[in-house]
Amino acid sequence: MEAAAGGRREAALGGLAVLPDEVLCAVVDLLPPADIGRLACVSSVMYILCNEEPLWMSKCLSIGGPLEYKGSWKKTTLSRLGLCSENDENLQKPRQFDGFNSLYLYRRWYRCFTSLSSFSFDDGHVERKDDLLLNQFRSQYDGKGPVLLTKLAETWPARTKWTVQQLTKDFGEVPFRISQRSPQKITMKLKDYVSYMQLQHDEDPLYIFDDKFGESAPALLEDYSIPHLFQEEFFDILDYDQRPAFRWLIIGPERSGASWHVDPGLTSAWNTLLCGRKRWALYPPGRVPGGVTVHVNDEDGDVDIETPTSLQWWLDIYPHLPEHEKPLEFTQLPGETIFVPSGWWHCVLNLETTVAVTQNFVNQSNFQHVCLDMAPGHRHKGVCRAGLLAVPGNSVKDNENHPSVPMSGWNHPDMSRKEKRFKGFLSQFLEKERDHYSSIWSPTNSLGQREAREWLRRLWFLKPELRELVWKGACLAINVDKWYSCLEEICACHNLPLPTEDEKLPVGTGSNPVFIVSGNVIKIYAEGGLAYSVHGLGTELEFYDLLQKSGSPLINHIPEIIASGFLEYEDDIYRTVPWDGKGMPDVLVKHYPLEVSYANSCFPLGLWSKQRFGTSSSPDVSNRPIWPYMVTRKCKGDIFARIRDVLSKTDILPLASSLGVQMRNIHLLPLPHMEHVPKSGNSDVKDCDDAAVLPEWQQLVSTLNRRMKNVKKHLANWGNSVPQALIEKAEGYLPPNMDFLIKFVKDDGDLVHLLPSWIHSDIMDDNILIEGITESSSFSNSKGSYEADPEKMNAIHIIDFSDLSIGDPLCDIIPLHLDVFRGDTDLLREFLRSYQLPLLRGQANTDIYKSVKNSKFSRASYRAMCYCMLHEDNVLAAIFSLWKELRAATSWEDIENLVWGELNRYQESCTP
């Protein structure tokens with residue numbers, strides 16, 4: 001029997017009694033609900049810890065999906081998991097125990113039941129204005145400091161219509177997104193959420209924070225308008241589906257709110273309160289609030305902020321701050337709009353039930369900050385948020401001349417001066433050694449790399465009056481000044497016209513800078529490091545040479561090469577060195593000694609050297625930068641990615657047929673002669689049995705085997721893209737060794753191998769040009785007007801051969817089906833009808849078919865599925881996006897049959 005009174009904790013916990021209650025609660029939170037239920041039966045104290053509402057709230061929110069609150073989080077969780085009935089008596093009668101005290105649990109209980117009515121209205125530290133002229137706002141506040149505006153929303157219908165009662169009446173059945181510290185997306189019908197608000201006593205209540213409310217309840221967009229001070233928005237030149245999240249409906253009860261944060265991408269924001277009261281606290285850029293920790297990943301610049309809830313910060317940390325360290329603070333009343341400048345820390349606490357709308361925006365004032373935050377690296381991101389605390393050793397140039405912004409006085413002219421110095425000060429923290437164009441960008445960036453380049457290019461064309469500003473932003477985000485200097489040198493070397501103003505920014509969405517100058521395409525190889533890019537150019541030049549010698553008709557459907565070579569940067573001067581791929585260029589021999597196995601061949605850095613080298617980049621061994629380049633003639637036609645959404649399926653069928661012809665031409669092109677080389681000591685091929693696999697296949701097989709050995713980790717790296725149930729079944733689905741897919745045993749015991757082909761490796765919608773399309777407008781927010789000429793629709797060009805490799809032709813069909821055809825079986829069927837090559841090709845095709853008649857490893861759908869699972873890119877995300885019903889699939893075979901079954905029917909039709 002357990003001891004009573006003060007001895008209950010030690011007697012009930014035994015050896016675990018040495019652990020603080022917060023540690024015990026954290027450990028219990030790691031358990032699944034069923035184990036928590038078992039642990040609750042161990043002792044009275046474990047029963048108490050295992051029945052805490054915050055624990056069950058955490059368990060419930062980890063499930064994700066639609067949510068309906070049942071009056072307690074334990075009951076809601078067990079109900080969602082099907083572990084209890086609606087009227088389970090065990091949930092109605094919790095046990096009571098005396099003699100157990102916990103300061104940790106008491107503080108949490110206090111925060112759950114505390115009232116915030118004691119926060120009376122005050123003028124605070126932020127200036128209140130009725131309204132401002134646009135020039136006043138820009139000169140006094142934009143990019144300088146916050147301001148509270150009291151009359152911007154006076155004429156909005158939302159001022160009278162956006163009450164909880166009226167919204168529930170009008171939109172009660174509409175599900176809205178819930179913001180909470182959970183990795184899962186959670187939605188609640190508004191009527192259920194209002195019921196939850198009335199019943200809950202949570203420390204950190206759920207609140208609606210929905211960036212898609214304009215789609216789920218479009219009538220709400222008619223109830224307000226963007227205030228005249230904030231209508232300049234640079235992101236609005238992007239199509240709606242390309243824009244980062246920018247507007248939110250916010251509804252929350254007392255005690256809810258937003259913990260300390262800086263708005264995404266260093267954008268600015270306005271927030272209008274329609275009902276209730278909000279308490280705000282703000283710090284200027286670089287001033288981290290007390291109790292908050294900023295983590296910046298030194299590999300990709302991902303920013304993670306550890307912060308207490310807004311209620312916990314106000315109750316536990318704020319009272320202990322010295323006066324000079326306290327934030328700007330004020331109480332926002334209904335009808336008031338707060339402007340929060342770029343980079344400002346802020347924390348919001350709802351003092352009562354509130355309804356608000358907010359939008360983030362990019363304008364002339366914060367544009368350079370937004371571009372800076374997109375740049376790869378971590379130091380500048382840390383300084384933007386944490387000031388000089390983010391600099392190891394505080395070894396910063398002009399350190400004493402850039403102190404933190406003082407917290408006393410809040411004088412805007414003084415703030416403006418310091419903000420400008422801080423803004424210019426940040427550029428020194430960009431990591432110069434990183435290539436901003438092709439380095440990994442943070443996954444939390446407001447835009448991805450490709451989208452950012454398209455955004456900058458659209459700004460360049462649509463806002464010509466701001467080109468000086470756009471240029472500065474492009475220099476910060478993608479190093480455009482460096483690449484433009486390279487471009488000028490290439491043009492001068494090959495007597496090409498210098499770029500016009502319209503041609504100064506790179507085009508396209510690839511990983512290498514590409515410029516179009518007077519009908520010429522100039523591509524600078526920057527992706528993957530020097531050795532990777534050198535082999536990319538060398539292989540591409542070898543491929544073109546083979547096309548010329550073989551007389552392949554493909555030559556009429558790819559770009560014409562005008563020039564190629566290297567750019568070398570030495571003593572602040574760019575110098576070009578022409579190179580046609582034949583022989584070893586002196587600049588590489590002299591400054592960048594590469595291990596080349598085929599140095600005596602005609603193309604020493606061509607296909608076989610690339611295969612031997614592998615796909616990993618080689619570290620540079622010199623401080624002298626060098627980049628390969630190629631100049632080609634611009635092909636006719638429009639990029640398919642730009643126009644595909646306005647074309648009908650009938651329009652695209654000729655494209656599918658033409659792609660079948662040209663992919664056949666690629667896959668039929670003979671491989672270059674492979675010279676004998678000593679056995680590789682490269683660890684990349686250690687997973688390949690040289691005796692059993694042809695040398696041509698060794699690199700591919702070893703790479704796939706390496707991924708297969710860690711297939712669960714490989715699939716888990718794609719986040720929630722792949723259902724966990726399927727990840728667990730991956731090992732059982734894949735072959736014992738990936739060479740099973742390319743070599744087969746005949747009845748007489750002899751081996752027969754598939755023949756590898758040239759593989760483009762990147763047949764995507766942005767690498768296909770199509771003629772026969774007349775466009776009435778360009779760089780428009782709308783999709784524009786297009787007319788298709790069916791007689792010219794089969795005139796296509798394929799571009800970007802920098803990822804050329806050898807392998808299974810199925811590896812080219814995968815991106816075609818998933819990206820170009822978007823999973824349309826009719827388009828795939830039309831492609832295969834003109835492709836006319838067997839999917840299993842050997843020296844004698846009849847031997848292949850005799851050997852593999854009943855082998856699942858030869859099944860085209862199975863091989864394609866294996867390649868998808870082990871692909872270096874997240875191909876599976878595309879599959880689950882195109883066929884959403886497959887997320888409920890119980891086996892990989894189900895996915896294989898639905899996605900790739902057409903390949904089997906085609907393969908059977910090719911059988912002799």
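We're numbering straight along the sequence, starting at 1.
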For this session: Determine, step by step, whether E902 and T825 satisfy the side chain to side chain donor-acceptor pair (under 3.5 Å) criterion, reporting the C-alpha distance in whole Å, the side-chain angles of both residues, the deciding distance to 0.1 Å, and the verdict.
Result: CA-CA 7 Å; E902 183 62 30; T825 303; 5.8 Å; no

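D766 is linked by a side-chain contact (heavy atoms from CB on, under 4.5 Å) to R450, T509, I639, A641, M764, counting only residues two or more places apart in sequence or in another chain. Among residues two or more places apart in sequence or in another chain, the side-chain hydrogen bond (donor to acceptor under 3.5 Å, both in side chains) test is passed with R887 by none. Under the rule for a side-chain hydrogen bond (donor to acceptor under 3.5 Å, both in side chains), H871 has no partner lying at least two apart in sequence or in another chain. Residues meeting the side-chain contact (heavy atoms from CB on, under 4.5 Å) test with L668, sequence neighbours left out: R664, L837, R841.
For residues 816-825, every residue pair satisfying the salt bridge (Lys or Arg N to Asp or Glu O under 4.0 Å) rule, not counting sequence neighbours, is listed here: D645-R822, K649-D824. Within the structure, salt bridge (Lys or Arg N to Asp or Glu O under 4.0 Å) contacts touching residues 716-732 (residues at least two apart or in different chains) are K712-E728.
Annotation: Y835 is in aromatic contact with H667 [ring centroid separation under 6.0 Å]. Ring centroid separation for the pair F176 and F213 does not come in under the 6.0 Å cut-off. Taking the six-membered ring for Trp and the full ring otherwise, Y862 and Y733 have centroids separated by under 6.0 Å.
Cation-pi geometry between R243 and Y240 is not met at under 6.0 angstrom from the ring centre and within 45 degrees of the axis.
Judged by distance alone, the side chain of H557 and the main-chain N or O of I796 form a donor-acceptor pair under 3.5 Å.
K523 and S802 form a side-chain donor-acceptor contact under 3.5 Å, judged by distance and modelled atom types alone.
Interatomic distance, E454 CD to R642 CZ, rounded to the nearest 0.5 Å: 7.5 Å.
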